[in-house]
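This report refers to the structure that appears directly beneath it.
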2 protein chains.
Amino acid sequence: MADIKDVARQAGVSISTVSRVINGSKAVSDELKMRVESAINELGYRANSVAQGLKASKTNKIAIIITSVSRTFFTSVIEGANEVAERLGYSLLIAETHDKLDREIELIESFVSQWVDGIILASSAYAHDARTLQYIQRLESLEKKGRRIPVITLEYAMDSRYIDAVVIDYEKAAYDATSYLLKLGRRKIAHISLPKNHRIGRMRIAGFERAHEEFGVPYDPSHIIAGDYTTYSGYQVARNLIEEKHDIDAIFCANDQMAVGAIKACEELEVPVPEQIAIVGNDDIFAASIVSPSLTSISVPKYEMGAAAMRRMHEILQEDAAKHLRQIITLSTAFEERESTLKTAKHSLKYLEW
Amino acid sequence: MADIKDVARQAGVSISTVSRVINGSKAVSDELKMRVESAINELGYRANSVAQGLKASKTNKIAIIITSVSRTFFTSVIEGANEVAERLGYSLLIAETHDKLDREIELIESFVSQWVDGIILASSAYAHDARTLQYIQRLESLEKKGRRIPVITLEYAMDSRYIDAVVIDYEKAAYDATSYLLKLGRRKIAHISLPKNHRIGRMRIAGFERAHEEFGVPYDPSHIIAGDYTTYSGYQVARNLIEEKHDIDAIFCANDQMAVGAIKACEELEVPVPEQIAIVGNDDIFAASIVSPSLTSISVPKYEMGAAAMRRMHEILQEDAAKHLRQIITLSTAFEERESTLKTAKHSLKYLEW
DNA sequence: AAACGACTTGCAAACGTTTTCCTGTTGGCT
DNA sequence: AGCCAACAGGAAAACGTTTGCAAGTCGTTT
């Protein structure tokens with residue numbers, strides 16, 4: 001692969017001149033400029049961005065840490081982030097933690113040593129352990145030689161004056177969904193929640209409870225049952241609820257996978273949905289549109305979250321490091337009403353995204 | 001962020017010694033080694049991999065080019081590739097073409113200038129244009145300074161003596177699926193194929209035809225109809241076939257999205273599946289398990305494709321560039337029988353992957 | 001006792017850029 | 001015609017590593 005010296009030799013100029021032509025950083029006479037440009041074309045030269053990175057202390061790479069690419073949530077986030085990244089001239093580095101906290105800090109360290117320009121941390125819905133937080137905060141204080149690696153978290157905001165975040169008001173979304181069921185006249189609503197301690201799970205429970213309180217409808221705390229994200233767990237919990245003759249007329253699920261499981265349980269036990277039990281999911285994954293009955297769900301602007309994080313990252317990188325002021329961007333959810341709560345709800349296959 | 005000079009100063013040694021301690025490349029006395037190690041810990045030093053990359057002409061980054069992360073096929077490929085990459089110490093760079101050939105060559109050029117160690121090209125199911133092929137072949141001839149960037153294509157093999165590939169025998173998979181339907185006694189099988197020219201689409205058609213020939217069953221060429229990947233197109237084609245009273249008893253679809261559309265069309269027109277029309281999809285995406293009736297589908301080892309490509313990439317990078325001998329790795333498909341062809345077929349929700 | 005080998009360490013070059021500093025040339029103004 | 005400013009272009013330093021080479025210190029062998 002040709003380097004800048006080859007180009008300089010071919011064009012009969014110094015490497016400084018070649019660099020200037022490429023970057024337009026200083027005037028070069030038309031004569032030389034032409035010679036350089038044709039040399040570049042002949043050799044198919046492109047500047048080595050590793051060397052550029054070393055010189056500029058800047059790699060134009062942004063890392064995004066997720067738990068797994070196979071979770072559709074992250075897939076959309078990545079898409080949003082990548083779309084914006086491409087437009088702004090960054091490359092995206094992706095890494096998965098598979099929910100291991102150790103792995104997370106390891107990845108962050110590795111990205112730091114790779115000199116990525118910034119890190120989008122979309123992985124930890126659980127609380128971080130102290131080490132991660134400490135490490136990340138250290139990143140913010142890297143003022144030496146003007147280097148610093150901004151971190152933006154997704155879905156939740158760290159307790160820090162420095163780390164930006166893009167979040168969703170999950171409490172409100174759960175509140176809205178619960179209110180919606182209450183307005184439909186449902187009075188015995190069960191909630192299949194996320195595993196204990198999951199902070200988003202807790203926000204959903206809070207919204208669920210607040211809606212009941214504000215509507216003056218009592219609820220049975222034993223009807224808030226933790227699932228483990230999976231379809232099968234939703235299936236099991238719902239099946240138990242029904243078989244043990246708990247008196248319920250709606251199930252609000254903390255994700256769509258579990259909601260699909262609940263639908264399957266009702267189907268097997270011949271409980272009509274939505275007539276006897278209405279079901280609401282969370283996340284509006286693709287499958288929500290194609291199960292039968294189709295699933296009413298809360299739609300999280302996943303793509304937009306990734307895009308917003310990347311836009312914000314760019315802003316931060318542009319501004320003076322010393323002036324950085326933390327910002328928390330809150331995005332809202334949408335509500336997709338489908339057949340699992342309203343028999344006549346219609347939706348079109350036409351615009352499905354896979 | 002501390003650099004190697006800081007460590008050297010702190011430990012009172014030269015930077016060469018620090019480097020040797022880090023890499024274990026040459027014996028260092030215990031005394032100095034200890035001093036260096038504690039300096040490293042105190043400063044939280046990690047070698048800058050940009051500088052290392054420049055020195056070694058090697059970045060330990062592998063790029064993977066796909067059409068879109070939102071397609072579950074690629075998601076699984078990425079997972080397989082990433083799993084192996086992590087184990088072998090590579091980072092993964094991801095880029096999307098969104099099916100634009102121009103974008104593809106642009107991305108390859110950009111990755112070359114970023115000095116990635118290798119490129120996995122999973123994007124182009126359509127034929128590449130001449131430019132891309134030409135460019136990629138140029139990559140293979142980069143012997144100067146021992147640099148060369150191996151390319152591995154996924155799903156199809158280029159007409160080149162140099163470019164490795166990981167492929168699927170789609171013709172055989174389609175043959176098997178069609179034979180299966182014929183053995184079930186179906187005699188009027190329609191095929192919703194991919195857009196013209198799509199090479200994988202053509203392989204599926206070939207398998208479809210070969211099965212008919214070998215079974216001595218004639219088929220109606222007008223029942224091979226191109227869809228455009230989408231659920232909606234599957235829906236439309238199936239709906240037309242039924243409404244126009246074409247005499248069919250099975251539909252073999254070139255992907256699951258279209259198969260789901262076909263199922264929805266049958267549902268709307270009250271054609272029982274599988275009693276009147278059996279439906280087989282391709283790819284075994286997640287949704288195949290949860291539609292009702294669940295969808296019989298050909299399962300492509302997506303994860304394994306990514307993993308195999310990455311393993312092969314590692315092999316190539318280890319071997320002597322001059323000795324490189326192209327290899328084409330062919331993986332086989334599995335067949336998932338479900339309710340859309342056999343009413344009593346059962347599958348469990350338990351092990352669903354999302 | 002002299003010489004040689006083994007081992008440890010440091011110096012400096014190199015990787016491919018960008019950019020500062022400097023020199024030489026041109027052109028405009030008086 | 002003489003000066004100065006403006007400009008074009010080259011040489012060289014710098015970014016953070018790794019590594020070949022030289023030099024120094026031992027210990028061992030003849």
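The sequence lines fix the lettering, A, B, ..., with proteins before strands; numbering per chain opens at 1. Values in this document were obtained by computation on a predicted structure and should not be read as measured data. Heavy atoms only: backbone and side chains are in, while hydrogens, waters and symmetry mates are out.
- Rounded to an integer number of Å, the gap from B/K5 NZ to D/dT17 P is 9 Å.
- Separating the NZ atom of A/K55 from the P atom of D/dA14 is a distance of 10 Å, rounded to the nearest angstrom.
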Extract from the structure each pairing of a protein N or O with an N or O of nucleotides 6-9 of chain C at less than 3.5 Å, listing the distance.
residue : atom : partner : partner atom : Å
C/dT9   : OP1  : B/S29   : OG           : 2.6
C/dT9   : OP2  : B/S29   : N            : 2.7
C/dT9   : OP2  : B/S29   : OG           : 3.3
C/dT9   : O4   : B/K26   : NZ           : 2.7

Got a list of side-chain donor-acceptor pairs under 3.5 Å for residues 314-321 of chain B, not counting sequence neighbours?
residue : atom : partner : partner atom : Å
B/H314  : ND1  : B/Y90   : OH           : 2.8
B/E315  : OE1  : B/R312  : NH1          : 2.7
B/D320  : OD1  : B/A322  : N            : 3.3

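- Residues that satisfy the salt bridge (charged side-chain N to carboxylate O under 4.0 Å, His left out) test with B/R103, not counting sequence neighbours, are A/E86, B/E106.
- For A/E37, the salt bridge (charged side-chain N to carboxylate O under 4.0 Å, His left out) criterion is met by no residue, not counting sequence neighbours.
- Toward the 5′ end of DNA chain D lies the nearest nucleotide of A/G12, the other residue of the pair A/G12 and B/R46 mapping further downstream.
- One can place CD of A/Q52 at 13 Å from C1' of C/dT19, the figure rounded to the nearest angstrom.
- Whole-Å rounding puts the B/I4 CD1 to D/dT19 P distance at 11 Å.
- Remark: B/R199 CZ to B/E155 CD distance equals 10.5 Å, nearest 0.5 Å.
- Taking atom NZ on B/K58 and atom P on D/dT18, their separation rounds to 12 Å, with Å as the unit.
- A/L54 has its CG atom 17 Å from the P atom of D/dA13, to the nearest Å.
- Per the geometry, CG belonging to B/N23 stands 13 Å off P belonging to D/dG20, to the nearest Å.
- For the salt bridge (charged side-chain N to carboxylate O under 4.0 Å, His left out) test, residues two or more places apart in sequence or in another chain that qualify with A/R9 are A/D6.
- Phosphate contact (OP1/OP2 of C/dT18, side-chain N/O of A/S19, threshold under 4.0 Å): present.
- Taking five base pairs at each end of the helix from C/dA1-D/dT30 to C/dT30-D/dA1, the local helix axes there meet at an angle of 60°, rounded to 10°.
- Within the structure, ring-ring contact (aromatic ring centres under 6.0 Å, His included) pairs that include any residue of residues 42-80 of chain B do not occur (at least two apart or interchain).
- For B/T17, the side-chain hydrogen bond (donor to acceptor under 3.5 Å, both in side chains) criterion is met by B/S14, not counting sequence neighbours.
- Between A/N48 and the phosphate of C/dC15, there is no side-chain N or O to OP1/OP2 separation shorter than 4.0 Å.
- Comment: A/R311 engages A/E304 in a salt bridge, judged by a side-chain N to carboxylate O separation of less than 4.0 angstrom.
- The CG-P distance, from A/N60 to C/dT18, rounds to 12 Å in whole Å.
- By the salt bridge (charged side-chain N to carboxylate O under 4.0 Å, His left out) test, B/R87 is found to be paired with no residue, residues two or more places apart in sequence or in another chain being considered.
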